[in-house]
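Down below is the structure, laid out as structure tokens.
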Amino acid sequence: MRTPAARSVALRAVAPLSVVLLGALSACGGGGEPAESTVGTIRTAPPETTEPEIPVVEPTAASECPYLSLEEASQLNGVPATDVRIDDRIDPVACFFYGADGEAHLTTTVYTVDSAQRAAELVEESVPSGEVDGSEIEGGWSGGRTISSGGALLAVSHEDRVLAVQSTRDDPATVQQVAELVAPRLDG
């Protein structure tokens with residue numbers, strides 16, 4: 001067994017060797033620099049992007065909503081709608097109903113996706129069935145509705161389509177009534 005004095009002598013002898021080994025390792029490429037220089041590729045075009053599955057909608061034009069009138073929106077939402085704007089980049093258009101305060105109080109959006117399965121998945125992501133009230137609408141539309149600090153949301157799917165209705169009112173019956181009026185019109 002070594003004595004403390006013998007261990008101290010051995011450590012003093014190994015310490016300089018450790019410093020020399022670390023220096024040699026860093027000189028051999030351990031410092032992060034490649035051993036050989038390589039030439040990279042210069043990209044002259046921006047990287048390819050993919051279209052989002054669900055486009056972001058925004059009011060782009062003042063126009064009538066083809067499936068919900070200003071009067072119907074006012075009556076069903078309980079907030080007098082004074083203006084309607086649409087996003088005509090999707091078909092059918094997304095509709096935004098504004099009150100006298102200039103704020104959107106009701107929106108309706110219809111998305112078409114790749115399959116009925118994907119439409120149901122999107123509804124489940126938006127209004128998880130275990131956390132919301134279920135919603136069934138004439139014509140086979142199903143999904144759910146919920147309320148949050150921003151108001152009420154309903155999302156239902158039928159075949160490869162998703163209907164989303166949002167209101168600033170925190171009453172899930174409001175979005176249900178709007179959807180019950182709009183969904184059959186989308187099918188017809």
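One is the number of the first residue; the rest follow in order along the sequence.
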Exercise for the section: Look at atom CD of Glu121 and say whether more than 12 heavy atoms of other residues, nucleotides or ligands are closer to it than 6.0 Å. Expected result: yes

Problem - Distance-minimising heavy-atom pair for Ala152 and Val175 - result: O-CG1, 3.7 Å

Handout entry: Atom pair OG/CG of Ser74 and Leu68 - distance to nearest 0.5 Å
Key = 9.0 Å

Completion exercise
In Val162, Leu163, Val57, the residue satisfying side-chain contact (heavy atoms from CB on, under 4.5 Å) with Val110 is Leu163

Exercise for the section: Using the rule that two of Ile, Leu, Val, Met, Phe, Trp, Tyr join whenever any of their side-chain heavy atoms come within less than 4.5 Å, decide whether Leu122 and Leu186 are in one cluster. Expected result: no

Problem - Leu153/Arg145 under side chain to side chain contact (heavy atoms under 4.5 Å, CB included): CA gap, chis, key distance, verdict - result: CA-CA 5 Å; Leu153 166 67; Arg145 62 181 189 249; over 6 Å; no

Practice task
Work out which heavy atom in Ala179 is nearest to a heavy atom in Pro184; give both atom names and the distance.
Solution key: O-CD, 4.0 Å

Problem - Taking every non-hydrogen atom, the tightest pair across Arg169 and Gly78 - result: NH1-CA, 3.9 Å

Exercise for the section: Supply the atom-to-atom distance Asp187 CG to Glu138 CD, rounded to the nearest 0.5 angstrom. Expected result: 8.5 Å

Problem - Expected output: side-chain Glu124 to main-chain Ser129 donor-acceptor under 3.5 Å - result: yes

Problem - Test item: Asn77 side-chain N/O and Val79 main-chain N/O as donor-acceptor pair under 3.5 Å - result: no

Fill in the blank from the handout: CD (Glu159) and OG (Ser115) are apart, to the nearest 0.5 Å, by 11.5 Å

Problem - Over all atoms of both residues, closest heavy-atom pair of Val132 and Gly144 - result: CG2-CA, 4.1 Å

Problem - Euclidean distance, Leu181 CG relative to Glu72 CD, rounded to 0.5 Å - result: 5.0 Å

Exercise for the section: State the CG-OG1 distance between Leu70 and Thr82, to the nearest 0.5 angstrom. Expected result: 7.0 Å

Exercise for the section: For Ser135 and Gln176, run side-chain hydrogen bond (donor to acceptor under 3.5 Å, both in side chains): C-alpha distance rounded to whole Å, both residues' side-chain angles, the deciding distance at 0.1 Å, then the answer. Expected result: CA-CA 7 Å; Ser135 178; Gln176 180 73 31; 2.6 Å; yes

Side-chain donor-acceptor contacts of residues 85-104 below 3.5 Å, not counting sequence neighbours, with atom names and distances?
| from | atom 1 | to | atom 2 | distance (Å) |
| --- | --- | --- | --- | --- |
| Asp87 | OD1 | Arg89 | N | 3.0 |
| Asp87 | OD1 | Arg89 | NE | 2.8 |
| Asp87 | OD2 | Glu58 | N | 2.9 |
| Asp87 | OD2 | Arg89 | NE | 3.3 |
| Asp87 | OD2 | Arg89 | NH2 | 2.6 |
| Arg89 | NH2 | Val56 | O | 3.3 |
| Asp101 | OD1 | Glu103 | N | 3.0 |
| Asp101 | OD1 | His105 | NE2 | 3.0 |
| Asp101 | OD2 | His105 | NE2 | 3.1 |

Fill in the blank from the handout: Heavy atoms of Pro55 and Tyr111 approach each other most closely as O-CE2, 3.6 Å

Handout entry: Closest heavy-atom pair and its distance - Gly143, Val123
Key = CA-CG1, 3.6 Å

Practice task
Please lay out, stage by stage, how Asp171 and Ile147 fare under the test side chain to side chain contact (heavy atoms under 4.5 Å, CB included).
Solution key: CA-CA 7 Å; Asp171 179 12; Ile147 58 170; over 6 Å; no

Practice task
Run the salt-bridge test on Glu180 and Arg185 with the 4.0 Å N-O cut-off and return the result as yes or no.
Solution key: no

Handout entry: Minimum side-chain heavy-atom gap Thr146-Asp133 below 4.5 Å
Key = no

